[in-house]
Amino acid sequence: MRTLADVVAVIEELYPPEAAQSWDQVGLVTGDPAQQVQRLHLALDPTLAVIEEARALGADLLFTHHPLLMRGVHSVATTTAKGASITNLVVGDVALYVAHTNADVASRGVAEALAAACGLDAIEPLVIEEGRPMGRVGELSERISLREFASRVSAALPPAPAGLRVAGDPEAQVCRVAVSGGAGDGFFGAARAVRADVYVTADLRHHPALEAREEGRGGPPFLIDAGHWASEACWLPWAADDLRERLGEDVEITVSELCTDPWTFTVVATQGAGPGR
């Protein structure tokens with residue numbers, strides 16, 4: 001039988017808290033280190049639905065990538081979603097542990113899982129921040145069109161309602177690819193510096209993305225916004241496998257089947273429609 005402290009020690013071997021960025025909030029959020037853990041549930045986001053899923057499965061520990069309490073809160077009353085989440089965890093006797101940017105940078109972490117989903121070889125860090133390797137860059141086994149590459153990425157990532165957004169000539173040939181799971185518009189300069197043909201990330205805002213395309217004068221790096229959830233949820237099976245290897249049969253490990261992407265459907269624009277039409 002494993003205690004929460006035992007399981008946390010294993011998690012922190014894989015994703016050391018000291019590897020997190022200075023602004024981040026990682027570690028144990030709820031739970032008693034002495035409590036027993038027989039079931040661990042993995043998810044990207046600690047949403048109310050995910051917490052209910054964990055409780056329904058009888059999980060003793062919910063392990064998520066994204067923090068529940070990134071910023072200070074002054075109440076945990078159930079009148080707020082944060083308060084309801086904390087209450088549901090505590091009442092359900094479910095511990096919550098978070099590994100965020102420390103999981104991004106880890107070996108077999110989020111960045112490497114996304115690089116593998118994109119089919120990259122010979123990967124190396126995209127950029128070093130606070131002494132840690134953020135993102136990855138690597139090569140495809142052959143040059144292919146941007147259209148074909150985007151189709152392969154879409155097929156390899158967990159399906160999300162919004163799909164992929166792509167900026168660039170569909171027939172342009174690409175081989176060198178930079179990736180950063182989650183919000184990555186801070187690394188446009190790094191993608192240019194490593195001479196990436198295409199940069200795969202998420203949460204791209206209008207002005208930064210437009211400026212990045214202007215800097216490329218229509219050429220590389222082309223952009224693929226794969227969605228925050230999909231670009232990081234591809235790591236969950238890796239994390240589950242690594243935890244099973246270390247915890248053995250002592251702890252049952254499950255992976256959430258919920259898509260916590262906030263977007264639920266898209267409407268395709270009418271061809272040729274635009275301002276004034």
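Reckoned from all heavy atoms, side chains included, excluding hydrogens, waters and symmetry mates.
- A search for side-chain hydrogen bond (donor to acceptor under 3.5 Å, both in side chains) contacts involving Glu139 returns Arg176, not counting sequence neighbours.
- A salt bridge links Glu112 to Arg136: at least one charged side-chain nitrogen sits closer than 4.0 Å to a carboxylate oxygen.
- With hydrogens and angles disregarded, a donor-acceptor distance shorter than 3.5 Å links the side chain of Ser231 to the backbone of Gly182.
- Arg147 pairs by the salt bridge (charged side-chain N to carboxylate O under 4.0 Å, His left out) definition with Glu171, not counting sequence neighbours.
- At least one side-chain heavy atom of Pro46 sits less than 4.5 Å from a side-chain heavy atom of Thr64.
- Each side-chain hydrogen bond (donor to acceptor under 3.5 Å, both in side chains) pair with one or both residues in residues 207-225, not counting sequence neighbours, appears once here: Arg165-Asp225.
- Distance alone, capped at 3.5 Å, is enough to place a donor-acceptor pair between the Arg143 side chain and the Gln173 backbone.
- Residues Leu140 and Gly119 approach most closely at CD2-O, 3.8 Å, considering heavy atoms.
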Exercise. Could you go step by step and tell me if Val94 and Thr30 meet the side-chain contact (heavy atoms from CB on, under 4.5 Å) rule?
Worked result: CA-CA 8 Å; Val94 180; Thr30 65; over 6 Å; no
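- There is no side-chain donor-acceptor pair under 3.5 Å between His100 and Gln21.
- A distance of 9.5 Å separates CD1 in Ile128 from CE in Met134, rounded to the nearest 0.5 Å.
- By the side chain to side chain contact (heavy atoms under 4.5 Å, CB included) test, Ala20 pairs with Asp24, Val26, Thr101, Asn102, sequence neighbours left out.
- A 4.5 Å side-chain heavy-atom check between Val179 and Leu126 finds every atom pair outside the cut-off.
- Taking the side-chain hydrogen bond (donor to acceptor under 3.5 Å, both in side chains) definition, one finds that Glu130 meets it with Ser22, sequence neighbours left out.
- Summarising the geometry of Ala117 relative to Ala156, their closest heavy-atom pair is O-CB, 3.2 Å, with the distance given to 0.1 Å.
- Atom-to-atom distance recorded for Leu89:CG and Leu61:CG is 10.0 Å, nearest 0.5 angstrom.
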Problem set entry | Test side-chain contact (heavy atoms from CB on, under 4.5 Å) applied to Val10 and Leu243, step by step | CA-CA 8 Å; Val10 171; Leu243 289 167; 4.2 Å; yes
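- In this structure, CG on Leu44 lies 5.5 Å from OG1 on Thr260, to the nearest 0.5 angstrom.
- Annotation: salt bridge (Lys or Arg N to Asp or Glu O under 4.0 Å) contacts involving residues 7-19, sequence neighbours excluded, are absent.
- Leu236 is connected to Tyr97 through a chain of hydrophobic side-chain contacts under 4.5 Å among Ile, Leu, Val, Met, Phe, Trp and Tyr, so both are in one cluster.
- Between the side chain of Lys82 and the backbone N or O of Leu68, at least one donor-acceptor pair lies under 3.5 Å.
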Exercise. side-chain contact (heavy atoms from CB on, under 4.5 Å) between Val166 and Phe222: does it pass, once the steps are laid out?
Worked result: CA-CA 8 Å; Val166 185; Phe222 306 115; 5.9 Å; no
For this session: Tell me, with the steps shown, if Arg2 and Leu247 meet side-chain contact (heavy atoms from CB on, under 4.5 Å).
Result: CA-CA 9 Å; Arg2 299 275 189 155; Leu247 294 170; 3.9 Å; yes
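- Residues Val76 and Leu69 are members of one and the same hydrophobic cluster, defined by side-chain heavy-atom contacts under 4.5 angstrom among Ile, Leu, Val, Met, Phe, Trp and Tyr.
- Evaluation of the salt bridge (Lys or Arg N to Asp or Glu O under 4.0 Å) test over residues 32-60, restricted to residues two or more places apart or in two chains, returns Arg39-Glu252.
- Residues that satisfy the side-chain hydrogen bond (donor to acceptor under 3.5 Å, both in side chains) test with Thr3, not counting sequence neighbours, are Asp6.
- Side chains of Leu114 and Glu232 form no contact here, defined as non-hydrogen atoms less than 4.5 Å apart.
- Val37 is not connected to Leu62 by any chain of hydrophobic side-chain contacts under 4.5 Å among Ile, Leu, Val, Met, Phe, Trp and Tyr, and they are in different clusters.
- A pairwise comparison of heavy atoms in Thr266 and Pro161 identifies CG2-O, 4.0 Å as the closest pair.
- Of the possible donor and acceptor atoms, none in the side chain of Ser154 sits under 3.5 Å from a partner among the backbone N and O of Gly163.
- Applying the salt bridge (Lys or Arg N to Asp or Glu O under 4.0 Å) test to residues at least two apart or on different chains, the pairs with a partner in residues 95-111 are Arg108-Asp242.
- Taken to the nearest 0.5 Å, the NE2 atom of His74 stands 11.5 Å off from the OG1 atom of Thr80.
- With rounding to the nearest 0.5 angstrom, the SG atom of Cys234 is 5.5 Å from the CG atom of Leu157.
- Between Phe149 and Val177 there is a side-chain heavy-atom pair separated by less than 4.5 Å.
- For the atom pair CD1 of Ile253 and NE2 of His41, the computed distance is 12.0 Å after rounding to the nearest 0.5 Å.
- Residues in residues 238-265 take part in no ring-ring contact (aromatic ring centres under 6.0 Å, His included) pair, two or more places apart or across chains.
- The hydrophobic clustering, which links ILVMFWY residues whose side-chain heavy atoms are closer than 4.5 Å, places Ile86 and Ile51 together.
- Residue pairs satisfying the side-chain hydrogen bond (donor to acceptor under 3.5 Å, both in side chains) criterion with at least one member in residues 177-203, sequence neighbours excluded, are listed as follows: Asp185-Arg205, Asp203-His228.
- Listed by chain and residue number, Tyr15, His65 satisfy the ring-ring contact (aromatic ring centres under 6.0 Å, His included) test with Trp235 (two or more places apart in sequence, or in another chain).
- Linking Ile, Leu, Val, Met, Phe, Trp and Tyr whenever their side-chain heavy atoms come within less than 4.5 Å puts Leu40 and Val255 in one cluster.
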